[in-house]
2 protein chains.
Amino acid sequence: MTDPIPQPDAAFAALADPTRRALIDRLRAGPLPVGRLAADLPISRPAVSQHLRVLSDAGLLEVEPQGTRRLYRLAPDRLRELRAWLDGLWGDAMDSFAARAREIAQESPK
Amino acid sequence: MTDPIPQPDAAFAALADPTRRALIDRLRAGPLPVGRLAADLPISRPAVSQHLRVLSDAGLLEVEPQGTRRLYRLAPDRLRELRAWLDGLWGDAMDSFAARAREIAQESPK
DNA sequence: GGATTGGGTCGGTCATGGCTTACGGTAAGC
DNA sequence: GCTTACCGTAAGCCATGACCGACCCAATCC
């Protein structure tokens, strides 16, 4: 199985590395080939290639071969899942926060 | 410096570990002491303690000592930052996606 | 005061993963 | 066809971190 269903776990692990987040940020303006991405980073091109593979496997990037180059672009699908998870967590955190605030008010009514 | 400013980097790294995300999910219903969190996981209590420390240092959890126990709860502040980052990334990804769609339409107008 | 319970810290082990160099493979240009 | 540019893969090295057992401290209960 060369293309298993990408788990959201993979997306979190992929975004954990600062170099990979730098690649993501670099791609926000539009698709770029590997060589240009590697030119802006202090690591070797193969290292960039490995990071791009991790991001692609996580479903965060898409590849488009164009001649001898390969253009990487952002893939919105996985980002939508992450947003949904974070929004749910945010809601629960706010509920817990509000409940705690009521407790505090209860303890010192004055 | 015992309490440096928590970087958003730390939040991403903290959320990368599946055990730590399990702890987060467990705390969505409300605050819990360390012992109860450790009882639900297949790892030792010291390991849970270490994970809770990572999450706290990242600004994702707050601690409230209560007698001999320590209650951990979700901290909304850092979650808001993550939401903001993800929303911005989502917007750029959608723009790039729309631009690509226009290119495709241009290539095959029929 | 002694015993018990709840938790954080320490030292050490082992696996994971990020980086490099070296190599192979394909498309474009002469 | 031969070279050159662009890129992925393989092997190895090394640092990070997740885990555990052991230990120590503080608060509660008898």
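We use all heavy atoms of the structure for the numbers below, so side chains are in, but hydrogens, waters and symmetry mates are not. Residue numbering restarts at 1 for every chain, and letters A, B, ... go by the order of the sequence lines.
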Problem set entry | Derivation and outcome, salt bridge (Lys or Arg N to Asp or Glu O under 4.0 Å), residues Asp9(A) and Arg21(B) | CA-CA 9 Å; Asp9(A) 280 19; Arg21(B) 283 202 309 279; 2.7 Å; yes
For this session: Between Thr68(B) and Asp17(A), name the one whose nearest nucleotide on DNA chain C is closer to the 5' end.
Result: Thr68(B)
Exercise. In terms of the nearest nucleotide of DNA chain C, which residue is placed more toward the 5' end: Ala13(A) or Gly35(B)?
Worked result: Gly35(B)
Problem set entry | Cluster overlap Leu55(B) with Leu41(B), hydrophobic side-chain contacts below 4.5 Å | yes
Exercise. Using a heavy-atom distance cut-off of less than 4.0 Å, which residues of residues 36-53 of chain B contact DNA chain C?
Worked result: Arg45(B), Pro46(B), Ser49(B), Gln50(B), Arg53(B)
Exercise. Hey, does Leu71(B) have a side-chain heavy atom less than 4.5 Å from the side chain of Val63(B)?
Worked result: no
Problem set entry | Any Arg70(A) side-chain N or O less than 4.0 Å from OP1/OP2 of dG8(D) | yes
Seminar exercise, completed: To the nearest angstrom, the CD-C1' distance between Glu64(B) and dG8(C) comes to 18 Å
For this session: Test side-chain contact (heavy atoms from CB on, under 4.5 Å) on Leu32(B) and Tyr72(B) and set out the steps.
Result: CA-CA 6 Å; Leu32(B) 289 174; Tyr72(B) 283 87; over 6 Å; no
Exercise. Does Arg69(B) make a side-chain N or O approach to OP1 or OP2 of dA26(D) shorter than 4.0 Å?
Worked result: no
Problem set entry | Distance test, side-chain N/O of Tyr72(A) to OP1/OP2 of dG8(D), below 4.0 Å | yes
For this session: Just report the end-to-end axis angle for the helix from dG1(C)-dC30(D) to dC30(C)-dG1(D), five pairs per end, to 10 degrees.
Result: 20°
For this session: Please lay out, stage by stage, how Ile24(A) and Leu61(A) fare under the test side-chain contact (heavy atoms from CB on, under 4.5 Å).
Result: CA-CA 9 Å; Ile24(A) 293 270; Leu61(A) 295 185; 4.3 Å; yes
Exercise. Is the Trp85(B)-Phe12(B) ring centre distance short of 6.0 angstrom?
Worked result: yes
Problem set entry | OP1 or OP2 of dC19(C) under 4.0 Å from side-chain N/O of Thr19(A) | yes
Exercise. Any Lys/Arg nitrogen of Glu64(B) or Arg70(B) sitting under 4.0 Å from an Asp/Glu carboxylate oxygen of the other?
Worked result: no
Exercise. In a check of side-chain contact (heavy atoms from CB on, under 4.5 Å) between Leu23(A) and each of Val54(A), Leu60(A), Leu52(A), which one passes?
Worked result: Leu52(A)
For this session: Could you check which of dA26(D), dA27(C), dG18(C) has an atom nearest any side-chain atom of Arg20(A)?
Result: dG18(C)
Problem set entry | Min side-chain heavy-atom separation Leu27(A)-Leu37(A) under 4.5 Å | yes
